[in-house]
J.: 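Below is a structure I'd like to ask you about.
Please read these numbers as outputs of a predicted model, since none were measured by experiment.
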Amino acid sequence: MIFGPFLFLAPWALLGLIALPVIWWLLRATPPMPKEADLPSLRLLDGVEPREETPAQTPWWVLLLRLAAAALAMIGLAGPIYAPGAETRDANQGALLIIVDDGWQSAPRFSALIDAARSSLDTVDRDTPLHLLTTAPRSLPFDPATRASRQDMGQRLAGLEPLSWAADHASALSRLEASGLKPGRILWVTSGLETGQTQSFAEALVKLAPLSIYAAPPRSAFAITGLTADAKGALATLARANTKTEASLYVSALSGDGTAIATAQARFDEGSLTGGARFDVPPTALARAERFRITGAQGASAVWLWDSAARRQRVSLVSEGETAQPLLSDLHYVRRALAPFSLIDEGTLADVLTAEPDAIVLTDIGQIPEADAEALTAWVNAGGALIRFAGPRLAAQGDNLTPVPLRRASRALGGALAWDEPQKLAPFAQSSPFFGLTVPQDVTVRQQVLASPVPDIDRKTWARLQDGSPLVTAAPLGAGTLILYHVTAGPDWSDLAYSGIFVDMLRRSIAAGQGQRIDNADGLYAPGLVLNGYGLLEAPSDIAAPLKATEFAGLAPSEAHPPGLYQGPGGTRALNVAEAYMPAPITNWPAGATLLGEAEARTFPLAGLLLALALVLIAMDLFVALGTAGRLPALRRYAGRAAAALVLIGLAGFAFPVDAIGQPQVPQSAEDRALEAALTLRLGYVMTGDDETDTRVREGMSTLSLTIAQRTSVTTEAPHGLNIETSPLELYPLIYFAVPENAAPLSSAAIARLNAYIRTGGALVIDTRNGSSLGVESDFSGLKTLLEGLDAPALAPVPGDHVLARSFYLLDAFQGRYANRRLWIEASTITPGERRGDGVSGLFVGDADWVSAWAGDERGRGLYSVDGGKQAREYALRFGINLVMHVLTGNYKEDQVHLPILLERLGEAPPVDNAPGLQDNTPDAPPEEAPEQSLRDILDGLQNRPDPENEPNE
Amino acid sequence: MTTPRDTLRNEAEALARRLPRLSAQTRASEAVHLGSAGRKRAGTGEDFWEYRRYAQEDDVSRIDWRRSARGDTLFVRETELETARSFYIYADPHAGFNWSGHAGRITKADRARIIMMAIANLLSREGERVGVLGSGEGAAFGKRALERLYTQIATPARNLLIAPKHSGSVIIASDFYDAPETWQARLAPIAARCRSGILLAVSDPVEEDFPFKGRTRFTRTGTPFQRILGRAETLQADYALKLAENRAGMAALATHLGWRFITHSSGDTALNGGALLRQSVLELGLKAGLHK
């Protein structure tokens with residue numbers, strides 16, 4: 001039943017409104033409840049007629065209140081729904097066909113589409129047949145002829161997900177026609193973007209039945225349509241559907257494990273459908289990128305997969321065992337030169353040959369073992385590029401795998417006994433692959449191997465010295481190429497390795513060698529990881545089928561070939577959904593169709609609201625009744641004051657929304673706070689906006705700060721609650737971020753600030769606080785969306801011997817409110833080999849709910865229960881102290897642990913029993929009897945400089 | 001709900017200690033007392049004591065002719081001197097009397113009992129006989145009688161408003177809210193036996209002030225009788241008038257019976273009430289003397 005924009009699910013309940021006048025009459029006639037009183041002397045009043053016995057009338061406003069409550073309750077029970085679009089849609093009763101575009105263009109606003117479709121269910125009668133048609137082709141499509149009940153349809157719609165391939169309206173139409181369904185009306189929810197036959201589809205639908213269209217085009221950029229990389233960075237081109245305004249957003253380059261490598265801003269000019277994001281990132285860094293993603297956008301098109309074919313060639317460096325001085329090794333120079341552009345692996349010749357790289361670099365290897373030489377020759381014949389560098393060993397005894405025969409000696413130039421000056425490079429010949437490179441004048445060659453003069457040496461020479469002797473020679477062998485640099489790869493024989501031209505020459509060597517043994521056009525590629533409709537990588541379904549290499553170009557993704565990474569003989573190849581896509585928003589819909597606006601496509605059930613209002617009114621009436629009966633004498637007496645207090649409390653609540661709760665402090669200006677934080681050591685915590693969480697974190701951090709000040713010489717003042725987007729994060733050595741459940745993703749500005757904070761040496765502790773969940777494995781899935789774009793390095797669980805476990809106390813575990821939870825820190829800070837900065841992780845991620853364990857009242861008693869009771873709480877506090885100590889002192893403590901060994905090496909220390917070695921500093925943990933103390937004793941005895949741990953602020 | 005006997009007793013004895021003794025005045029008026037207590041000597045009384053020879057100063061009407069007719073000598077019949085009196089006390093057992101208008105305030109009945117017990121204590125110490133009206137036992141001397149009185153008065157429901165076997169003085173405590181005519185009917189049999197008596201009207205401040213406002217449903221305590229007043233405050237003046245009428249009517253009834261009517265408010269102190277009752281008891285003696 002419909003009244004204007006309102007629908008009623010149970011219109012008969014409205015008949016109750018007829019009773020309102022009766023209620024009005026009853027309420028008028030019934031006096032208020034009398035007070036009760038005992039009076040033995042009542043007998044005295046026998047025979048006394050009261051002067052005014054007519055009951056006091058119910059005040060008009062009480063009457064109004066009660067009538068309003070009754071009316072609201074009745075209307076609420078009638079189940080009203082506010083549906084602005086209902087009038088237009090109710091024109092024709094009959095089967096309702098809901099058509100949902102679930103192609104990738106719909107993904108950015110898929111929930112809006114589904115909401116619109118589900119809202120339409122409110123506008124139909126209980127018995128209206130409902131039918132569903134989805135337009136993206138799939139192997140088991142919904143049969144539009146299947147009739148569903150309202151509840152079934154609601155579930156079916158809720159279960160829909162966007163697909164990662166495009167809608168095919170032509171096939172959808174043919175399916176609809178084949179089903180023979182004659183709908184009474186049609187609701188079509190669509191992205192509003194042309195996908196080929198969209199226009200004609202709409203026209204066909206209009207002819208079929210009255211058509212309502214709800215179009216929700218993506219609001220901002222939603223697709224990366226291409227990506228080009230060069231030596232200075234990369235350029236991503238983006239597409240959007242809305243051209244009205246300027247826009248800027250961010251695109252992140254992500255590594256294989258999801259770490260953000262770089263973020264670039266993309267700009268859209270007004271009126272432009274496309275924009276670009278320029279990554280000014282060194283190729284070294286960009287080389288790690290495997291995919292690009294529009295920050296905050298949803299859908300398969302918001303992700304651009306970068307395959308190996310588009311990216312780099314694979315080069316293998318043959319290293320015959322580690323050398324003692326790696327920085328002087330020739331390979332080092334090659335590695336550094338090629339790393340930005342190529343995928344490098346190293347190993348023995350036999351190893352690298354099995355990897356079948358594009359190019360193999362050999363530095364000064366004279367004799368290749370017979371077996372390897374055969375394999376190597378076969379590989380070069382198949383198309384590999386073998387790049388060799390000369391050296392003393394090659395000069396002494398070369399083999400046959402050189403472009404030109406070599407003389408059995410090297411030539412030294414400019415030596416004491418030599419006639420010649422060290423030679424410079426000659427300009428490259430036009431036929432040389434190096435042609436175009438600028439020849440630097442400061443590169444000299446002091447020694448080289450000489451080629452035997454053979455007739456075709458000119459043809460084989462790529463670079464020569466000024467005196468004409470060949471510096472780089474090359475010769476084809478089978479499909480591959482042999483390239484020889486007549487100098488060492490290192491600086492022993494020439495300055496070439498110091499020069500920038502070395503990099504370019506090497507790149508061109510690889511490229512000119514074109515060592516792709518596998519032709520790109522060959523082979524079958526099987527789907528490895530595919531993108532789902534939301535733009536997340538997942539394992540391919542059974543339907544996903546392999547692709548021939550030749551089929552990649554111009555292939556539109558489909559269910560059989562979903563967008564994703566395909567594994568094949570030539571490495572991985574990517575199939576991107578929006579490649580070269582040009583969005584075409586549809587503006588001229590067919591004349592017969594009704595285009596629903598945002599509001600019209602929505603319905604708002606009002607029953608709950610009205611019933612709640614009625615209840616509130618009834619509650620108010622209760623107080624009113626009590627008041628008139630004189631049952632609330634206290635209330636009446638204090639009513640004035642109580643009201644004033646309520647108003648004051650309310651005002652105070654508005655004035656100090658979060659800070660004031662439980663912490664009655666004078667509100668500070670941001671500047672004061674910053675000054676406070678700068679002048680005294682304070683810990684910070686992120687204000688999440690969730691009161692319960694914030695209170696808890698403040699309690700926990702306060703207690704921790706207090707405990708640290710009590711137990712250590714670090715004087716931490718009361719912690720500050722921070723707003724990521726506005727507060728000066730850099731003033732806080734440690735920021736605790738207790739992530740509330742279902743938190744909204746952080747804004748890109750917040751992420752950028754957090755990134756800057758971590759990068760500049762801050763420590764961010766992220767606690768999901770859900771360690772109570774079953775299972776030992778921590779579940780950080782919520783973090784993924786929350787911290788989208790956070791420049792998080794690879795994380796690893798903290799090993800038991802990490803310095804965190806002994807920076808102040810010796811700990812076995814990192815006890816929080818929940819016991820036996822893992823703490824994750826940056827992986828690079830764990831392995832001693834590759835330390836960043838002070839070895840302090842910028843990120844600590846866990847779920848043990850430490851703040852709750854820390855939180856205590858003013859007398860130090862715990863506020864929340866902790867796994868393991870009082871003792872566990874103590875351990876939790878110790879962990880907190882260790883954490884802060886670790887953050888404040890860096891690897892200083894770790895050095896302390898090594899001090900005895902250092903001293904022993906210097907021969908100055910008293911003999912230390914059981915001294916752990918430098919490398920194996922932990923397997924057997926230090927004994928419990930305060931080794932800290934003994935270490936400090938040693939320190940005090942030997943050094944008089946102030947202990948940094950005791951004076952952390954100096 | 002009845003207050004335990006011992007609580008009442010303690011309060012009553014404390015009150016009795018604070019009140020002056022009755023003795024001085026009683027002794028002064030001893031000769032003129034009319035009572036029923038025999039003093040083992042000739043005097044005014046009802047019981048026969050002895051025959052003695054007629055003396056000239058004796059009134060002729062006192063000659064006992066029946067005795068004198070047996071001989072030549074004229075005899076006068078002497079009766080035993082009766083100076084001691086019996087005092088009977090009584091507290092209204094009606095639920096409305098055992099009521100207090102405020103949670104912290106003593107009930108009217110308790111206040112009345114305490115005052116009467118204190119006075120009984122004083123009387124007993126003076127050698128008077130004390131007892132509880134309608135308890136089925138007469139008034140008696142001594143400590144045991146006093147203890148018995150304490151016990152009996154503390155269980156008011158068992159006492160009946162009936163005339164004592166022997167004459168004496170009665171102290172009747174109630175709120176006297178029933179009409180004076182009703183009370184006259186009730187008290188007439190007692191007044192026939194007891195020539196002196198005190199009506200002690202104890203009322204609660206609430207009953208005096210009628211501080212009610214607004215729509216109120218009144219219940220007469222102890223009865224199911226209810227009455228709803230739309231605006232109680234309008235009846236305040238009427239109530240005050242009715243209360244004054246009632247008190248005047250009771251006072252007239254007391255005068256008619258030759259008794260006294262005193263009022264006490266439970267909002268007042270027990271000491272004031274005790275002093276008032278004591279004063280009335282003393283005046284009872286004076287009045288009796290005047291009668292003589």
J.: Within the 4.5 Å heavy-atom criterion, are A:Pro40 and B:Lys108 side-chain neighbours or not?
T.: yes
J.: Would you list the atom pairs, donor with acceptor, under 3.5 Å between side chains in residues 185-194 of chain B and any protein atom, with sequence neighbours excluded?
T.:
| residue | atom | partner | partner atom | Å |
| --- | --- | --- | --- | --- |
| B:Arg186 | NH1 | B:Asp178 | OD2 | 3.4 |
| B:Arg186 | NH2 | B:Asp178 | OD2 | 2.9 |
| B:Arg193 | NH1 | B:Pro164 | O | 2.2 |
| B:Arg193 | NH1 | B:Lys165 | O | 2.7 |

J.: In terms of heavy-atom pairs under 4.5 Å with chain A, which of B:Ala179, B:Gly101, B:Ala95, B:Gly96 leads?
T.: B:Gly96
J.: After noting the C-alpha distance and the side-chain angles of B:Thr219 and A:Leu39, does the key distance pass the side-chain contact (heavy atoms from CB on, under 4.5 Å) rule?
T.: CA-CA 6 Å; B:Thr219 309; A:Leu39 192 66; over 6 Å; no
J.: At what distance, to the nearest 0.5 angstrom, does CZ of B:Arg220 lie from CG of A:Asp38?
T.: 11.5 Å
J.: About how many Å separate CG of A:Leu44 and CG of B:Leu241, when rounded to the nearest 0.5 Å?
T.: 11.0 Å
J.: Taking the side chain from B:Arg227 and the backbone from A:Leu45, do they hold a donor-acceptor pair closer than 3.5 Å?
T.: yes
J.: Is there any ring pair (Phe, Tyr, Trp, His ring centres under 6.0 Å) pair reaching into residues 190-216 of chain B, and which pairs are they, with sequence neighbours excluded?
T.: B:Phe210-B:Phe212, B:Phe210-B:Phe218, B:Phe210-B:Tyr239, B:Phe212-B:Phe218
J.: Return the CG to OG distance between B:Asp175 and A:Ser41, rounded to the nearest 0.5 Å.
T.: 8.0 Å
